[in-house]
Number of protein chains: 2
Amino acid sequence: MENAKRIFDAFLCAKGLRHTDQRDIILDAFLGMEGHFSAEEIYRIVSEKNPEIGYATVYRTIKLLCDAGIARGIYFDDGRMRYEHKYGHGHHDHLVCIRCGKVIEIFDPQIEKAQDRLAKEKGFVPIRHQLNIFGVCKECRKRNK
Amino acid sequence: MENAKRIFDAFLCAKGLRHTDQRDIILDAFLGMEGHFSAEEIYRIVSEKNPEIGYATVYRTIKLLCDAGIARGIYFDDGRMRYEHKYGHGHHDHLVCIRCGKVIEIFDPQIEKAQDRLAKEKGFVPIRHQLNIFGVCKECRKRNK
DNA sequence: CCATAATTGAACTTGATTTTCAATATCATA
DNA sequence: TATGATATTGAAAATCAAGTTCAATTATGG
Ligand SMILES: [Mn+2]
Ligand SMILES: [Mn+2]
Ligand SMILES: [Zn+2]
Ligand SMILES: [Zn+2]
(Lines give C-alpha, C1' and ligand atoms only; values in the text may rest on other atoms or scores of the structure.)
(Ligands and ions follow the chains in the order given, each with its own letter.)
Protein backbone atom coordinates (compact mmCIF):
# COMPACT_ATOMS: atom_id res chain seq x y z
CA MET A 1 0.00 0.00 0.00
CA GLU A 2 1.46 3.30 -1.12
CA ASN A 3 0.06 5.07 1.89
CA ALA A 4 1.98 2.91 4.32
CA LYS A 5 5.18 3.82 2.50
CA ARG A 6 4.46 7.50 2.87
CA ILE A 7 3.77 7.03 6.54
CA PHE A 8 7.05 5.21 7.00
CA ASP A 9 8.96 7.94 5.19
CA ALA A 10 7.30 10.55 7.37
CA PHE A 11 8.13 8.50 10.47
CA LEU A 12 11.79 8.20 9.52
CA CYS A 13 12.02 11.88 8.69
CA ALA A 14 10.36 12.94 11.95
CA LYS A 15 12.81 10.83 13.94
CA GLY A 16 15.88 12.00 12.05
CA LEU A 17 16.35 8.51 10.67
CA ARG A 18 17.50 7.76 7.14
CA HIS A 19 15.88 6.31 4.11
CA THR A 20 17.81 3.23 2.97
CA ASP A 21 17.45 0.57 0.32
CA GLN A 22 17.25 -2.12 2.99
CA ARG A 23 14.37 -0.42 4.75
CA ASP A 24 12.57 0.00 1.46
CA ILE A 25 12.98 -3.62 0.52
CA ILE A 26 11.88 -4.88 3.92
CA LEU A 27 8.82 -2.63 3.98
CA ASP A 28 7.89 -3.76 0.46
CA ALA A 29 8.25 -7.39 1.43
CA PHE A 30 6.15 -6.90 4.53
CA LEU A 31 3.41 -5.03 2.67
CA GLY A 32 3.37 -7.76 0.06
CA MET A 33 2.65 -10.55 2.54
CA GLU A 34 -0.82 -11.08 3.95
CA GLY A 35 -1.04 -12.90 7.25
CA HIS A 36 0.90 -13.40 10.45
CA PHE A 37 4.63 -13.87 10.00
CA SER A 38 7.62 -14.41 12.23
CA ALA A 39 10.76 -12.33 11.82
CA GLU A 40 12.42 -15.38 10.33
CA GLU A 41 9.71 -15.76 7.70
CA ILE A 42 9.99 -12.10 6.80
CA TYR A 43 13.76 -12.50 6.61
CA ARG A 44 13.36 -15.38 4.17
CA ILE A 45 11.13 -13.37 1.85
CA VAL A 46 13.49 -10.42 2.03
CA SER A 47 16.44 -12.67 1.27
CA GLU A 48 14.90 -13.74 -2.01
CA LYS A 49 14.89 -10.15 -3.20
CA ASN A 50 18.21 -9.24 -1.70
CA PRO A 51 20.38 -11.92 -0.09
CA GLU A 52 22.79 -9.35 1.29
CA ILE A 53 20.34 -8.02 3.85
CA GLY A 54 21.13 -9.41 7.29
CA TYR A 55 18.96 -10.78 10.05
CA ALA A 56 19.79 -7.87 12.33
CA THR A 57 18.54 -5.34 9.81
CA VAL A 58 15.29 -7.24 9.40
CA TYR A 59 14.76 -7.29 13.17
CA ARG A 60 15.66 -3.62 13.45
CA THR A 61 13.37 -2.62 10.63
CA ILE A 62 10.44 -4.64 11.93
CA LYS A 63 10.78 -2.74 15.18
CA LEU A 64 10.66 0.53 13.26
CA LEU A 65 7.58 -0.64 11.39
CA CYS A 66 5.90 -1.34 14.71
CA ASP A 67 6.88 2.05 16.08
CA ALA A 68 5.57 3.69 12.93
CA GLY A 69 2.20 1.97 13.35
CA ILE A 70 2.58 -0.09 10.18
CA ALA A 71 3.14 -3.47 11.84
CA ARG A 72 1.79 -5.03 14.99
CA GLY A 73 3.29 -7.92 16.94
CA ILE A 74 1.22 -10.79 18.29
CA TYR A 75 2.09 -13.87 20.30
CA PHE A 76 0.35 -17.11 19.61
CA ASP A 77 1.55 -19.87 21.91
CA ASP A 78 4.71 -20.92 20.12
CA GLY A 79 7.26 -18.65 21.70
CA ARG A 80 7.98 -16.37 18.78
CA MET A 81 6.57 -13.03 17.88
CA ARG A 82 4.54 -12.77 14.72
CA TYR A 83 3.74 -9.61 12.80
CA GLU A 84 0.72 -8.47 10.87
CA HIS A 85 -0.33 -5.33 9.05
CA LYS A 86 -1.56 -2.64 11.39
CA TYR A 87 -1.99 0.28 9.04
CA GLY A 88 -5.49 0.15 7.56
CA HIS A 89 -6.24 -2.95 9.63
CA GLY A 90 -8.26 -2.40 12.79
CA HIS A 91 -8.09 -4.33 16.05
CA HIS A 92 -9.25 -7.91 15.93
CA ASP A 93 -8.75 -11.21 17.71
CA HIS A 94 -7.69 -14.63 16.42
CA LEU A 95 -8.90 -18.17 15.97
CA VAL A 96 -5.85 -20.40 15.64
CA CYS A 97 -6.13 -23.93 14.28
CA ILE A 98 -3.92 -26.30 16.25
CA ARG A 99 -3.88 -28.77 13.36
CA CYS A 100 -2.96 -26.72 10.30
CA GLY A 101 -1.89 -23.45 11.91
CA LYS A 102 -4.43 -21.39 10.00
CA VAL A 103 -5.37 -18.10 11.63
CA ILE A 104 -8.84 -16.62 11.27
CA GLU A 105 -9.42 -13.02 12.24
CA ILE A 106 -12.50 -12.15 14.24
CA PHE A 107 -14.06 -9.07 15.70
CA ASP A 108 -17.12 -8.86 17.87
CA PRO A 109 -18.35 -5.61 19.38
CA GLN A 110 -20.22 -7.53 22.06
CA ILE A 111 -17.02 -9.20 23.31
CA GLU A 112 -15.14 -5.94 23.17
CA LYS A 113 -17.85 -4.17 25.12
CA ALA A 114 -18.09 -6.93 27.72
CA GLN A 115 -14.34 -6.71 28.25
CA ASP A 116 -14.49 -2.99 28.88
CA ARG A 117 -17.33 -3.44 31.32
CA LEU A 118 -15.48 -6.17 33.17
CA ALA A 119 -12.31 -4.10 33.39
CA LYS A 120 -14.25 -1.11 34.67
CA GLU A 121 -15.79 -3.27 37.38
CA LYS A 122 -12.28 -3.98 38.64
CA GLY A 123 -11.23 -0.33 38.50
CA PHE A 124 -8.91 -1.22 35.66
CA VAL A 125 -8.24 1.00 32.63
CA PRO A 126 -7.77 -1.28 29.64
CA ILE A 127 -5.20 -0.24 27.03
CA ARG A 128 -4.93 -3.21 24.75
CA HIS A 129 -5.86 -6.84 24.81
CA GLN A 130 -5.24 -10.06 23.06
CA LEU A 131 -7.69 -12.91 22.65
CA ASN A 132 -6.52 -16.12 21.02
CA ILE A 133 -8.94 -18.99 20.64
CA PHE A 134 -7.19 -22.27 19.84
CA GLY A 135 -9.17 -25.06 18.27
CA VAL A 136 -9.78 -26.99 15.06
CA CYS A 137 -10.86 -25.28 11.84
CA LYS A 138 -13.66 -26.41 9.57
CA GLU A 139 -11.33 -27.94 6.96
CA CYS A 140 -9.26 -29.89 9.49
CA ARG A 141 -12.40 -31.19 11.11
CA LYS A 142 -13.63 -32.52 7.76
CA ARG A 143 -10.27 -33.94 6.83
CA ASN A 144 -10.27 -36.04 10.01
CA LYS A 145 -13.28 -38.11 9.04
CA MET B 1 -3.58 -29.26 48.62
CA GLU B 2 -3.43 -32.93 49.52
CA ASN B 3 -5.61 -33.87 46.60
CA ALA B 4 -3.22 -32.45 44.06
CA LYS B 5 -0.48 -34.58 45.56
CA ARG B 6 -2.54 -37.70 45.15
CA ILE B 7 -3.27 -36.78 41.56
CA PHE B 8 0.40 -36.28 40.85
CA ASP B 9 1.26 -39.65 42.41
CA ALA B 10 -1.41 -41.31 40.29
CA PHE B 11 -0.10 -39.52 37.20
CA LEU B 12 3.47 -40.66 37.82
CA CYS B 13 2.33 -44.20 38.49
CA ALA B 14 0.17 -44.35 35.38
CA LYS B 15 3.09 -43.18 33.25
CA GLY B 16 5.62 -45.55 34.82
CA LEU B 17 7.47 -42.55 36.25
CA ARG B 18 9.08 -42.53 39.68
CA HIS B 19 8.37 -40.77 42.88
CA THR B 20 11.37 -38.72 43.94
CA ASP B 21 12.25 -36.30 46.73
CA GLN B 22 12.88 -33.56 44.19
CA ARG B 23 9.45 -33.93 42.62
CA ASP B 24 7.86 -33.87 46.05
CA ILE B 25 9.67 -30.71 47.04
CA ILE B 26 8.88 -28.92 43.80
CA LEU B 27 5.22 -29.88 43.95
CA ASP B 28 5.02 -28.69 47.56
CA ALA B 29 6.65 -25.40 46.66
CA PHE B 30 4.31 -24.89 43.74
CA LEU B 31 1.21 -25.69 45.78
CA GLY B 32 2.38 -23.30 48.45
CA MET B 33 2.56 -20.31 46.12
CA GLU B 34 -0.52 -18.41 45.01
CA GLY B 35 -0.28 -16.45 41.79
CA HIS B 36 1.46 -16.55 38.44
CA PHE B 37 5.10 -17.54 38.61
CA SER B 38 7.92 -18.01 36.18
CA ALA B 39 10.09 -21.14 36.26
CA GLU B 40 12.86 -19.01 37.72
CA GLU B 41 10.65 -17.82 40.58
CA ILE B 42 9.62 -21.37 41.33
CA TYR B 43 13.28 -22.40 41.22
CA ARG B 44 14.15 -19.72 43.78
CA ILE B 45 11.49 -20.91 46.21
CA VAL B 46 12.56 -24.52 45.72
CA SER B 47 16.18 -23.57 46.30
CA GLU B 48 15.36 -22.23 49.74
CA LYS B 49 14.10 -25.63 50.78
CA ASN B 50 16.76 -27.60 48.98
CA PRO B 51 19.64 -25.79 47.28
CA GLU B 52 20.84 -28.96 45.59
CA ILE B 53 17.89 -29.12 43.23
CA GLY B 54 18.89 -27.92 39.77
CA TYR B 55 17.18 -25.71 37.26
CA ALA B 56 16.72 -28.56 34.84
CA THR B 57 14.80 -30.60 37.38
CA VAL B 58 12.52 -27.67 38.14
CA TYR B 59 11.78 -27.19 34.46
CA ARG B 60 11.24 -30.89 33.96
CA THR B 61 8.93 -31.17 36.94
CA ILE B 62 6.87 -28.13 35.96
CA LYS B 63 6.25 -29.82 32.64
CA LEU B 64 5.05 -32.92 34.45
CA LEU B 65 2.77 -30.81 36.63
CA CYS B 66 1.24 -29.35 33.49
CA ASP B 67 0.77 -32.76 31.94
CA ALA B 68 -0.82 -33.98 35.16
CA GLY B 69 -3.33 -31.11 35.09
CA ILE B 70 -1.97 -29.53 38.26
CA ALA B 71 -0.31 -26.52 36.66
CA ARG B 72 -1.21 -24.41 33.67
CA GLY B 73 1.17 -22.24 31.67
CA ILE B 74 0.25 -18.74 30.52
CA TYR B 75 2.09 -16.16 28.47
CA PHE B 76 1.72 -12.55 29.34
CA ASP B 77 3.70 -10.42 26.94
CA ASP B 78 7.13 -10.60 28.55
CA GLY B 79 8.62 -13.60 26.80
CA ARG B 80 8.60 -16.06 29.65
CA MET B 81 6.06 -18.68 30.58
CA ARG B 82 4.29 -18.29 33.88
CA TYR B 83 2.51 -21.00 35.80
CA GLU B 84 -0.59 -21.04 37.94
CA HIS B 85 -2.61 -23.66 39.79
CA LYS B 86 -4.94 -25.54 37.50
CA TYR B 87 -6.24 -28.24 39.80
CA GLY B 88 -9.26 -26.87 41.65
CA HIS B 89 -8.99 -23.61 39.73
CA GLY B 90 -11.35 -23.19 36.80
CA HIS B 91 -10.73 -21.38 33.56
CA HIS B 92 -10.42 -17.62 33.77
CA ASP B 93 -8.85 -14.71 31.95
CA HIS B 94 -6.46 -12.00 33.10
CA LEU B 95 -6.19 -8.27 33.59
CA VAL B 96 -2.48 -7.41 33.67
CA CYS B 97 -1.28 -4.05 35.00
CA ILE B 98 1.51 -2.70 32.80
CA ARG B 99 2.72 -0.47 35.66
CA CYS B 100 3.02 -2.78 38.67
CA GLY B 101 2.61 -6.18 37.02
CA LYS B 102 -0.35 -7.13 39.16
CA VAL B 103 -2.60 -9.80 37.67
CA ILE B 104 -6.35 -9.83 38.30
CA GLU B 105 -8.32 -12.93 37.42
CA ILE B 106 -11.66 -12.49 35.70
CA PHE B 107 -14.40 -14.71 34.44
CA ASP B 108 -17.47 -13.65 32.51
CA PRO B 109 -19.98 -16.16 31.14
CA GLN B 110 -21.17 -13.60 28.60
CA ILE B 111 -17.70 -13.27 27.08
CA GLU B 112 -17.20 -17.00 27.10
CA LYS B 113 -20.53 -17.56 25.41
CA ALA B 114 -19.91 -14.88 22.78
CA GLN B 115 -16.58 -16.53 21.97
CA ASP B 116 -18.22 -19.89 21.41
CA ARG B 117 -20.85 -18.34 19.20
CA LEU B 118 -18.22 -16.51 17.17
CA ALA B 119 -16.14 -19.66 16.75
CA LYS B 120 -19.17 -21.64 15.66
CA GLU B 121 -19.97 -19.01 13.05
CA LYS B 122 -16.57 -19.72 11.50
CA GLY B 123 -17.00 -23.50 11.64
CA PHE B 124 -14.30 -23.61 14.27
CA VAL B 125 -14.29 -25.96 17.27
CA PRO B 126 -12.75 -24.05 20.17
CA ILE B 127 -10.59 -26.05 22.57
CA ARG B 128 -8.99 -23.44 24.79
CA HIS B 129 -8.46 -19.74 24.71
CA GLN B 130 -6.49 -17.05 26.35
CA LEU B 131 -7.61 -13.47 26.91
CA ASN B 132 -5.17 -11.00 28.41
CA ILE B 133 -6.26 -7.42 28.94
CA PHE B 134 -3.33 -5.08 29.56
CA GLY B 135 -3.94 -1.77 31.24
CA VAL B 136 -3.51 0.18 34.47
CA CYS B 137 -4.90 -1.03 37.77
CA LYS B 138 -6.86 1.06 40.26
CA GLU B 139 -3.93 1.51 42.63
CA CYS B 140 -1.49 2.55 39.94
CA ARG B 141 -3.99 4.99 38.55
CA LYS B 142 -4.37 6.65 41.96
CA ARG B 143 -0.63 6.65 42.57
CA ASN B 144 -0.09 8.64 39.37
CA LYS B 145 -2.00 11.71 40.57
C1' DC C 1 32.58 17.30 -2.38
C1' DC C 2 32.75 17.08 2.79
C1' DA C 3 31.73 16.26 7.36
C1' DT C 4 28.80 14.19 10.42
C1' DA C 5 26.03 10.95 12.09
C1' DA C 6 23.03 7.07 10.97
C1' DT C 7 23.11 2.39 9.14
C1' DT C 8 24.67 -2.01 8.02
C1' DG C 9 26.17 -7.10 8.33
C1' DA C 10 28.77 -10.37 10.80
C1' DA C 11 29.71 -12.04 14.86
C1' DC C 12 28.74 -12.10 19.48
C1' DT C 13 25.69 -11.79 23.58
C1' DT C 14 21.59 -12.54 26.18
C1' DG C 15 17.91 -14.96 28.46
C1' DA C 16 14.67 -18.59 28.63
C1' DT C 17 14.26 -23.20 28.02
C1' DT C 18 15.84 -27.89 26.60
C1' DT C 19 19.07 -31.56 25.99
C1' DT C 20 23.11 -34.45 26.97
C1' DC C 21 25.49 -37.49 29.76
C1' DA C 22 27.66 -39.85 33.47
C1' DA C 23 26.52 -40.70 38.17
C1' DT C 24 22.75 -41.91 41.25
C1' DA C 25 18.22 -43.36 42.92
C1' DT C 26 13.88 -46.01 42.47
C1' DC C 27 11.30 -50.08 42.64
C1' DA C 28 9.50 -54.60 40.87
C1' DT C 29 11.15 -58.94 41.36
C1' DA C 30 13.89 -62.75 42.98
C1' DT D 1 16.97 -57.53 51.44
C1' DA D 2 19.75 -57.76 47.37
C1' DT D 3 19.66 -57.24 42.39
C1' DG D 4 19.37 -55.10 38.16
C1' DA D 5 16.80 -52.72 34.60
C1' DT D 6 15.64 -48.24 33.90
C1' DA D 7 14.13 -43.64 35.36
C1' DT D 8 16.11 -39.48 37.35
C1' DT D 9 19.35 -36.08 38.54
C1' DG D 10 22.59 -31.89 38.29
C1' DA D 11 26.03 -29.63 35.69
C1' DA D 12 27.28 -28.14 31.59
C1' DA D 13 26.43 -27.53 26.93
C1' DA D 14 23.08 -26.73 23.28
C1' DT D 15 19.21 -24.28 21.32
C1' DC D 16 16.31 -20.67 19.82
C1' DA D 17 14.59 -16.13 19.33
C1' DA D 18 15.99 -11.65 19.84
C1' DG D 19 19.18 -7.83 20.83
C1' DT D 20 23.85 -5.68 20.82
C1' DT D 21 28.67 -4.41 19.35
C1' DC D 22 31.72 -2.55 16.20
C1' DA D 23 34.32 -1.37 12.20
C1' DA D 24 33.16 -0.36 7.57
C1' DT D 25 29.79 1.87 4.65
C1' DT D 26 26.23 5.15 3.32
C1' DA D 27 22.83 9.02 3.46
C1' DT D 28 22.14 13.76 3.76
C1' DG D 29 22.51 18.81 4.56
C1' DG D 30 25.54 22.42 3.64
MN1 LIG E 1 -4.55 -10.74 12.66
MN1 LIG F 1 -4.75 -16.88 36.63
ZN1 LIG G 1 -6.95 -26.26 10.44
ZN1 LIG H 1 -0.84 -1.64 38.87
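Every chain is numbered from 1 and lettered A, B, ... according to where its sequence line falls, protein lines coming before strand lines. No hydrogens, no waters, no symmetry mates; every other heavy atom, side chains included, goes into these values. Here the structure is a predicted model, which means the values were calculated and not measured.
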* Taking the side chain of A/R18 as heavy atoms from C-beta outward, which of D/dA18, C/dT7, D/dG10 is closest to it? -> C/dT7
* Whole angstrom value for the distance that separates C1' of D/dA18 from CD of A/E41 -> 16 Å
* To do: Please tell me which of A/G16 and B/S38 maps to the more 5' nucleotide of DNA chain C, matching each residue to the nucleotide holding its nearest heavy atom.
  => A/G16
* Describe the nucleic acid contact of A/K15 in one word from base, sugar-phosphate, nothing, applying a heavy-atom distance below 4.0 Å. => nothing
* Asked: So does B/Y59 get a side-chain nitrogen or oxygen closer than 4.0 Å to the phosphate oxygens (OP1/OP2) of C/dT18?
  -> no
* To do: Determine, for A/D28 against A/K5, whether the closest basic-nitrogen to carboxylate-oxygen distance falls under 4.0 angstrom.
  => yes
* Structure fact -> DNA chain D nearest-nucleotide lookup for B/A56 and B/R23: closer to the 5′ end is B/R23
* Assign B/E40 to base, sugar-phosphate, or nothing according to its heavy-atom contacts below 4.0 angstrom with the strands shown. => nothing
* Interatomic distance, B/Y55 OH vs C/dT17 C1' [rounded to whole Å] -> 10 Å
* Is there a side-chain polar atom (N or O) of A/T20 under 4.0 Å from OP1 or OP2 of C/dT8? -> yes
* For A/H19, all residues meeting ring pair (Phe, Tyr, Trp, His ring centres under 6.0 Å), sequence neighbours excluded -> none
* Asked: Should B/E139 and B/R99 be marked as a side chain to side chain contact (heavy atoms under 4.5 Å, CB included) after you check the CA-CA gap, both sets of side-chain angles, and the distance that decides it?
  -> CA-CA 10 Å; B/E139 286 68 34; B/R99 293 267 172 75; over 6 Å; no
* To do: Tell me what A/R80 touches on the nucleic acid: a base, only sugar-phosphate, or nothing, going by heavy atoms under 4.0 Å.
  => sugar-phosphate
* Taking side chain as C-beta onward, heavy atoms only, is B/I70 less than 4.5 Å from B/K86? -> no
* Structure fact -> Whichever of B/K63 and B/L17 has the more 5' nearest nucleotide on DNA chain C, that residue is B/K63
* Asked: Does A/Q22 place a side-chain N or O at less than 4.0 Å from the phosphate oxygens OP1/OP2 of D/dT26?
  -> no
* **Sugar-phosphate only, base, or nothing, as touched by B/R60 at under 4.0 Å among non-hydrogen atoms** => base
* **Residue whose nearest DNA chain D nucleotide is more 5′ - A/H19 or B/T61** => B/T61
